Amino acid sequence: MINMRRSTEDDLEQLAHLRLLFFAENYLFTEEETRTFEEKTTKFLTVHLNSTLISWHAEIEDEIVAVAFLEIAERLPHPDRKYGKIGTILNVYTKKGFRKQGIASQLVQRLVKEAEKHQLDKIELMATELGYPVYEKIGFKEVALLDKRMEKKLD
(Lines give C-alpha, C1' and ligand atoms only; values in the text may rest on other atoms or scores of the structure.)
Protein backbone atom coordinates (compact mmCIF):
# COMPACT_ATOMS: atom_id res chain seq x y z
CA MET A 1 0.00 0.00 0.00
CA ILE A 2 1.39 3.39 -1.00
CA ASN A 3 1.31 6.08 1.69
CA MET A 4 1.76 9.76 0.85
CA ARG A 5 2.95 12.22 3.44
CA ARG A 6 4.87 15.43 3.93
CA SER A 7 8.57 14.73 4.35
CA THR A 8 10.32 15.27 7.69
CA GLU A 9 13.86 15.35 9.05
CA ASP A 10 13.70 11.56 9.41
CA ASP A 11 13.55 11.27 5.61
CA LEU A 12 16.61 13.37 4.69
CA GLU A 13 18.92 10.59 3.53
CA GLN A 14 16.29 8.92 1.36
CA LEU A 15 15.23 12.27 -0.11
CA ALA A 16 18.84 13.07 -1.00
CA HIS A 17 19.24 9.65 -2.60
CA LEU A 18 16.09 10.01 -4.72
CA ARG A 19 17.28 13.42 -5.85
CA LEU A 20 20.53 11.78 -6.93
CA LEU A 21 18.55 9.14 -8.86
CA PHE A 22 16.60 11.96 -10.56
CA PHE A 23 19.82 13.53 -11.84
CA ALA A 24 21.55 10.21 -12.53
CA GLU A 25 19.09 9.59 -15.36
CA ASN A 26 20.71 12.48 -17.26
CA TYR A 27 24.17 12.92 -15.72
CA LEU A 28 27.08 10.56 -15.16
CA PHE A 29 28.41 10.80 -11.62
CA THR A 30 31.72 9.44 -10.39
CA GLU A 31 31.69 7.69 -7.03
CA GLU A 32 33.14 10.82 -5.39
CA GLU A 33 30.60 13.12 -7.08
CA THR A 34 27.79 10.83 -5.92
CA ARG A 35 28.94 10.99 -2.30
CA THR A 36 29.48 14.75 -2.42
CA PHE A 37 26.11 15.39 -4.09
CA GLU A 38 24.20 13.38 -1.51
CA GLU A 39 26.09 15.01 1.38
CA LYS A 40 25.44 18.53 0.06
CA THR A 41 21.78 17.74 -0.59
CA THR A 42 21.33 16.32 2.91
CA LYS A 43 22.93 19.44 4.45
CA PHE A 44 20.70 21.71 2.35
CA LEU A 45 17.59 19.76 3.34
CA THR A 46 18.59 19.92 7.01
CA VAL A 47 18.55 23.72 6.87
CA HIS A 48 15.63 24.37 4.50
CA LEU A 49 13.13 21.51 4.81
CA ASN A 50 9.79 22.79 6.08
CA SER A 51 10.86 26.43 5.93
CA THR A 52 11.68 27.51 2.38
CA LEU A 53 11.44 23.97 0.98
CA ILE A 54 8.48 21.62 1.28
CA SER A 55 8.64 18.02 0.22
CA TRP A 56 5.95 15.40 -0.20
CA HIS A 57 6.76 11.79 -0.92
CA ALA A 58 5.18 8.40 -1.52
CA GLU A 59 6.40 5.42 0.43
CA ILE A 60 5.83 1.71 0.71
CA GLU A 61 6.61 0.59 4.24
CA ASP A 62 9.78 2.60 4.95
CA GLU A 63 10.99 2.98 1.36
CA ILE A 64 10.40 6.28 -0.43
CA VAL A 65 9.45 5.53 -4.05
CA ALA A 66 8.58 9.04 -5.28
CA VAL A 67 9.23 12.61 -4.24
CA ALA A 68 8.42 16.20 -5.21
CA PHE A 69 9.83 19.46 -3.83
CA LEU A 70 8.39 22.97 -3.61
CA GLU A 71 10.89 25.77 -3.08
CA ILE A 72 9.42 29.03 -1.77
CA ALA A 73 11.03 32.40 -2.48
CA GLU A 74 10.09 35.95 -1.58
CA ARG A 75 10.39 38.43 -4.44
CA LEU A 76 10.52 42.17 -4.82
CA PRO A 77 7.12 43.82 -5.21
CA HIS A 78 5.72 43.50 -8.73
CA PRO A 79 2.32 44.37 -10.22
CA ASP A 80 1.63 40.67 -10.88
CA ARG A 81 2.43 39.57 -7.31
CA LYS A 82 -0.18 40.13 -4.62
CA TYR A 83 1.74 38.36 -1.84
CA GLY A 84 5.33 38.65 -3.06
CA LYS A 85 6.06 34.92 -2.91
CA ILE A 86 6.47 32.36 -5.65
CA GLY A 87 7.07 28.64 -5.63
CA THR A 88 9.16 26.43 -7.84
CA ILE A 89 8.41 22.73 -8.14
CA LEU A 90 11.64 20.77 -8.44
CA ASN A 91 12.89 17.25 -8.93
CA VAL A 92 9.59 15.39 -9.20
CA TYR A 93 10.84 11.82 -9.36
CA THR A 94 9.28 8.37 -9.25
CA LYS A 95 11.36 5.20 -9.20
CA LYS A 96 11.04 3.26 -12.45
CA GLY A 97 8.97 0.37 -11.09
CA PHE A 98 6.31 2.76 -9.77
CA ARG A 99 5.76 5.08 -12.74
CA LYS A 100 2.51 5.52 -14.70
CA GLN A 101 0.39 5.00 -11.55
CA GLY A 102 -0.52 8.64 -10.90
CA ILE A 103 1.87 8.98 -7.95
CA ALA A 104 3.71 12.05 -9.27
CA SER A 105 0.40 13.72 -10.07
CA GLN A 106 -0.84 13.19 -6.52
CA LEU A 107 2.39 14.57 -5.05
CA VAL A 108 2.27 17.68 -7.25
CA GLN A 109 -1.37 18.25 -6.32
CA ARG A 110 -0.35 18.18 -2.64
CA LEU A 111 2.35 20.77 -3.38
CA VAL A 112 -0.26 22.96 -5.10
CA LYS A 113 -2.34 22.83 -1.89
CA GLU A 114 0.77 23.76 0.12
CA ALA A 115 1.35 26.72 -2.22
CA GLU A 116 -2.23 27.90 -1.68
CA LYS A 117 -1.86 27.52 2.09
CA HIS A 118 1.35 29.60 2.01
CA GLN A 119 -0.34 32.24 -0.19
CA LEU A 120 2.07 31.99 -3.08
CA ASP A 121 1.29 34.09 -6.12
CA LYS A 122 2.25 31.38 -8.57
CA ILE A 123 4.10 28.12 -9.00
CA GLU A 124 6.74 27.67 -11.69
CA LEU A 125 8.44 24.57 -12.98
CA MET A 126 10.55 23.26 -15.84
CA ALA A 127 8.83 20.21 -17.28
CA THR A 128 10.70 17.22 -18.62
CA GLU A 129 9.19 15.36 -21.55
CA LEU A 130 8.00 12.66 -19.14
CA GLY A 131 6.51 15.16 -16.69
CA TYR A 132 4.84 17.54 -19.15
CA PRO A 133 1.53 15.62 -19.44
CA VAL A 134 1.35 15.24 -15.66
CA TYR A 135 1.60 18.99 -15.10
CA GLU A 136 -0.73 19.82 -17.97
CA LYS A 137 -3.50 17.63 -16.50
CA ILE A 138 -3.15 19.44 -13.16
CA GLY A 139 -3.60 22.82 -14.88
CA PHE A 140 -0.07 24.08 -15.52
CA LYS A 141 0.29 25.98 -18.79
CA GLU A 142 3.25 26.86 -20.96
CA VAL A 143 4.22 30.48 -20.58
CA ALA A 144 5.22 32.53 -23.59
CA LEU A 145 7.71 35.05 -22.30
CA LEU A 146 8.06 38.44 -23.91
CA ASP A 147 11.56 38.62 -22.54
CA LYS A 148 14.22 36.06 -23.37
CA ARG A 149 15.40 33.89 -20.52
CA MET A 150 19.14 34.27 -20.09
CA GLU A 151 21.74 33.16 -17.61
CA LYS A 152 25.41 33.55 -16.85
CA LYS A 153 27.15 30.75 -15.01
CA LEU A 154 29.53 31.85 -12.29
CA ASP A 155 32.48 29.82 -11.06
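As the structure is a prediction and not an experimental result, all values here were calculated from the model. Quick note: residue numbers are just sequence positions, from 1.
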Out of curiosity, M4 CE to Q106 CD, how far, rounded to the nearest 0.5 Å? 3.5 Å
Please answer: with hydrophobic residues joined when any side-chain heavy atoms are less than 4.5 Å apart, are L20 and V65 in the same cluster? no
In sequence, state the C-alpha distance, the side-chain angles, and the governing distance for I72 and L120, and then conclude on side-chain contact (heavy atoms from CB on, under 4.5 Å). CA-CA 8 Å; I72 299 170; L120 304 187; 3.7 Å; yes
Applying salt bridge (charged side-chain N to carboxylate O under 4.0 Å, His left out), which residue pairs with at least one partner in residues 43-71 are found, sequence neighbours left out? R5-E59, E63-K95
If you measure from the Lys or Arg side-chain nitrogens to the Asp or Glu carboxylate oxygens, is any gap between R35 and E32 under 4.0 Å? yes
How far apart are the closest heavy atoms of L107 and A68, and which atoms are they? CB-CB, 4.0 Å
Over all atoms of both residues, closest heavy-atom pair of G84 and D121: N-OD2, 2.7 Å
After noting the C-alpha distance and the side-chain angles of H57 and D11, does the key distance pass the side-chain contact (heavy atoms from CB on, under 4.5 Å) rule? CA-CA 9 Å; H57 69 262; D11 306 309; 3.3 Å; yes
Is it the case that over 12 heavy atoms from other parts of the model lie below 6.0 angstrom from the CD atom of E25? yes
Interatomic distance, CG@L15 vs OG1@T41, rounded to 0.5 Å, equals 10.0 Å
Does one hydrophobic cluster hold both V67 and V134, with members joined at side-chain heavy-atom distances below 4.5 Å? no
Given side-chain contact (heavy atoms from CB on, under 4.5 Å), test E142 with Y132 step by step and report yes or no. CA-CA 10 Å; E142 268 190 71; Y132 189 92; 2.7 Å; yes
Return the CZ to CZ distance between F37 and F23, rounded to the nearest 0.5 Å. 5.0 Å
Will you find, in the side chains of R99 and T94, an N or O donor that is under 3.5 Å from an N or O acceptor? no
Does this structure show an ion pair linking E38 with R19, if we count only N-O contacts that are shorter than 4.0 Å? no
Taking it one step at a time, do E114 and R6 satisfy salt bridge (Lys or Arg N to Asp or Glu O under 4.0 Å)? CA-CA 10 Å; E114 292 279 357; R6 189 167 164 168; 3.1 Å; yes
Side-chain heavy atoms nearer than 4.5 Å, only ILVMFWY residues, links allowed to pass through others: does that put I54 and L12 together? no
Heavy-atom donor-acceptor pair, S51 side chain to H48 backbone, under 3.5 Å: yes
State, with a plain yes or no, whether a side-chain heavy atom of I123 is found less than 4.5 Å away from one of V112. yes
Let me confirm one number: the CG-OG1 distance from L49 to T42, rounded to the nearest 0.5 Å. 11.0 Å
Going through the checks in order, is the side chain to side chain donor-acceptor pair (under 3.5 Å) test met by Y27 and E33? CA-CA 11 Å; Y27 295 92; E33 289 169 332; over 6 Å; no
For the CG atom of L21 and the CG atom of N91, what is their distance to the nearest 0.5 Å? 11.5 Å
In one Ile/Leu/Val/Met/Phe/Trp/Tyr side-chain cluster, 4.5 Å: I89, I103: yes
Pairing of K122 and E124 as salt bridge, 4.0 angstrom limit: yes
At what distance, to the nearest 0.5 angstrom, does CG of N50 lie from OG of S7? 8.0 Å
Could you list who else is in I86's hydrophobic cluster, with ILVMFWY side chains joined at under 4.5 Å, directly or through other members? none
Decide yes or no on side-chain contact (heavy atoms from CB on, under 4.5 Å) for N3 and I60, but give the supporting numbers first. CA-CA 6 Å; N3 178 44; I60 296 177; over 6 Å; no
Report whether W56 and F98 are members of the same hydrophobic cluster (ILVMFWY, side-chain heavy atoms less than 4.5 Å apart, transitive linking). yes
Min side-chain heavy-atom separation L70-L53 under 4.5 Å: no
Mutual orientation of the aromatic rings belonging to Y93 and F22 [parallel < 30°, tilted 30-60°, perpendicular > 60°]: perpendicular
Salt bridge (charged side-chain N to carboxylate O under 4.0 Å, His left out) contacts in which one or both residues fall within residues 75-94, not counting sequence neighbours: none
